[in-house]
Number of protein chains: 2
Amino acid sequence: MNIGLLLFIPNRDVENRVLAAVNAAGFEVTQAQARVLMRVDPDGTRLTVLAESAQVTKQTAGFLVDQLEKAGYVERVPDPADGRARLVKVTEKAKEAVPVANAELARIEAEWEQHIGKRRMAQLREALEMLGDITDPYR
Amino acid sequence: MNIGLLLFIPNRDVENRVLAAVNAAGFEVTQAQARVLMRVDPDGTRLTVLAESAQVTKQTAGFLVDQLEKAGYVERVPDPADGRARLVKVTEKAKEAVPVANAELARIEAEWEQHIGKRRMAQLREALEMLGDITDPYR
DNA sequence: TGTCTTTGGTCAGTCTCTCTGATTAAAGTA
DNA sequence: TACTTTAATCAGAGAGACTGACCAAAGACA
């Protein structure tokens, strides 16, 4: 079984479940919006940086931030350090979604640990974190 | 770091690289088309089954198969066992892409093994295969 | 200082993928 | 035979992603 598919299947499961949990709690965001939202730094992040880290064009990132802004999950404030730039910041409303997402993630991890064991779960994490070094173009 | 993102990042890397390799070899398929094509059984597969295993609606699967058919990568033949159904089969042309994809996958795995070591790579595979039991809705 | 290049972001247009809803036709069932 | 289910398609719409063109501020430098 190919390594891409092996990674894809559990990843899809996590994305689906976390999004479903967040939606069920009343936060109406899409997967694409969530992927951008997730990458907004507590101190605010420039659009260019968001685009780069989410691996989409700045037009796409801008489109998604527009929607998140309309829905009240982020706001754009001028960047004091650069007159051209604006910082995307998460609002209080969006911050309330974080514990919902984290709770579902914890639930998933617990189920997985139940199925494959604590030791293997730790090994999985370790291997994936190391792979991030060579597969995360943003890092 | 959340387990979803940890899975997502290397998965994206694999998908990008394999697709780029296949494209570079002259096979013009998209990621979505590839995801369907990958799931066609050597003996042929019904559209409904493809849709289910790729986790899309049958309309979407049908749309992608249409494109793959136009490009000459699959053909639809009547299903001898069911007058309503047709079997999607891969053509010789598509079969030629398989070794290209496999070669890139092997290259990726070798690089990863180089970075995290043989032992951790085996552990990663084992954990992911076990997780498939509980996260692959098709299995 | 004034020009040139780079960088952050937007506008316009298009394409691909995905969905929902409705429909057709063959199979299976009572 | 009539009813229900299943395999697939048609029609229409929305989301998300891209390329290309553009503007304005910042940085570099002669």
Side-chain angles (χ1 to χ4, degrees), chain A residues 8 12 15-16 19-20 23 27-41 43-71 73-89 137-138, chain B residues 8 12 15-16 19-20 22-23 27-41 44-71 73-89 137-138:
Chain A
F8 174 74
R12 178 175 58 189
E15 289 195 342
N16 288 346
L19 190 67
N23 288 160
F27 301 95
E28 294 194 3
V29 290
T30 65
Q31 188 62 257
Q33 286 164 15
R35 278 201 270 259
V36 167
L37 190 54
M38 188 165 67
R39 290 171 162 92
V40 179
D41 189 86
D43 301 330
T45 309
R46 289 192 192 162
L47 191 62
T48 314
V49 174
L50 283 179
E52 199 183 331
S53 93
Q55 293 284 286
V56 294
T57 59
K58 42 189 189 165
Q59 291 90 329
T60 299
F63 172 78
L64 295 167
V65 168
D66 282 346
Q67 297 180 320
L68 287 167
E69 194 172 23
K70 256 176 223 149
Y73 295 113
V74 300
E75 53 185 352
R76 286 192 245 224
V77 300
D79 184 340
D82 190 329
R84 296 165 299 178
R86 293 196 279 166
L87 290 174
V88 176
K89 291 198 165 189
Y138 181 62
Chain B
F8 174 75
R12 180 177 56 188
E15 289 195 340
N16 288 346
L19 191 66
V22 167
N23 287 161
F27 301 95
E28 292 194 4
V29 290
T30 65
Q31 190 62 256
Q33 288 165 13
R35 277 201 270 261
V36 167
L37 189 55
M38 186 166 69
R39 289 172 162 93
V40 179
D41 189 86
T45 308
R46 289 192 193 163
L47 192 63
T48 313
V49 174
L50 282 179
E52 200 182 329
S53 92
Q55 293 284 284
V56 293
T57 60
K58 41 189 189 165
Q59 290 91 325
T60 299
F63 171 78
L64 295 168
V65 168
D66 282 346
Q67 297 180 317
L68 286 168
E69 195 171 23
K70 256 175 226 151
Y73 295 114
V74 301
E75 53 184 351
R76 286 192 245 225
V77 300
D79 184 340
D82 191 329
R84 296 165 300 179
R86 292 198 280 166
L87 291 174
V88 176
K89 291 197 165 191
Y138 181 63

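Residue numbering restarts at 1 for every chain, and letters A, B, ... go by the order of the sequence lines.
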Asks: Working to the nearest 0.5 angstrom, can you tell me the gap between A/Leu19 CG and A/Phe27 CZ?
Replies: 12.5 Å
Asks: Looking only at the side chain of A/Ala32 (C-beta and beyond, no hydrogens), which of the listed nucleotides D/dG16, D/dT9, C/dA27 gets closest?
Replies: D/dG16
Asks: Determine whether A/Phe8 and B/Arg35 make a side-chain contact, defined as any pair of heavy atoms from C-beta on separated by less than 4.5 Å.
Replies: yes
Asks: C/dT10 P sits how many Å from A/Gln67 CD, rounded?
Replies: 14 Å
Asks: Taking atom P of C/dC17 as reference, at what distance in whole Å does atom NZ of B/Lys70 sit?
Replies: 12 Å
Asks: I want to verify a distance call: between C/dC19, D/dT9, D/dA7, whose nearest atom is closest to the B/Val56 side chain?
Replies: C/dC19
Asks: Looking at five pairs on each end of the helix from C/dT1-D/dA30 to C/dA30-D/dT1, what is the angle between the two axes, given to 10 degrees?
Replies: 20°
Asks: 5'-most contact on DNA chain D: A/Gln31 or B/Thr48, nearest heavy atom basis?
Replies: B/Thr48
Asks: Counting only heavy atoms not in A/Glu28 (residues, nucleotides, ligands), do more than 12 fall under 6.0 Å from its CD?
Replies: no
Asks: Does any non-hydrogen side-chain atom of A/Ser53 lie less than 4.5 Å from one of A/Met38?
Replies: no
Asks: Run through B/Arg46, B/Arg84, B/Lys89 and flag the one making a salt bridge (charged side-chain N to carboxylate O under 4.0 Å, His left out) with B/Asp79.
Replies: B/Arg46
Asks: For B/Tyr73 and B/Leu37, which heavy atoms make the closest approach, and how far apart are they?
Replies: O-CD1, 4.2 Å
Asks: Report yes if some heavy atom in the side chain of A/Leu87 is under 4.5 Å from a heavy atom in the side chain of A/Thr45; otherwise report no.
Replies: no
Asks: Which of these nucleotides, C/dG9, D/dA24, D/dA8, is closest to any side-chain atom of A/Arg84?
Replies: D/dA24
Asks: Less than 4.0 Å between a side-chain N and a carboxylate O, is that true for B/Lys58 and B/Glu52?
Replies: no
Asks: Look at the side-chain N and O atoms of A/Arg35 and state whether any lies under 4.0 Å from the OP1 or OP2 oxygen of D/dA15.
Replies: no
Asks: Please report the distance, rounded to the nearest Å, between CD in A/Gln33 and P in D/dG14.
Replies: 16 Å
Asks: So if I take residues 57-65 of chain B and measure heavy-atom distances to DNA chain D, which residues fall below 4.0 Å?
Replies: B/Lys58, B/Gln59
Asks: Between B/Arg76 and B/Val65, is there a side-chain heavy-atom distance shorter than 4.5 Å?
Replies: yes
Asks: Starting at CG of A/Leu47 and ending at P of C/dG9, how long is that distance when rounded to a whole Å?
Replies: 5 Å
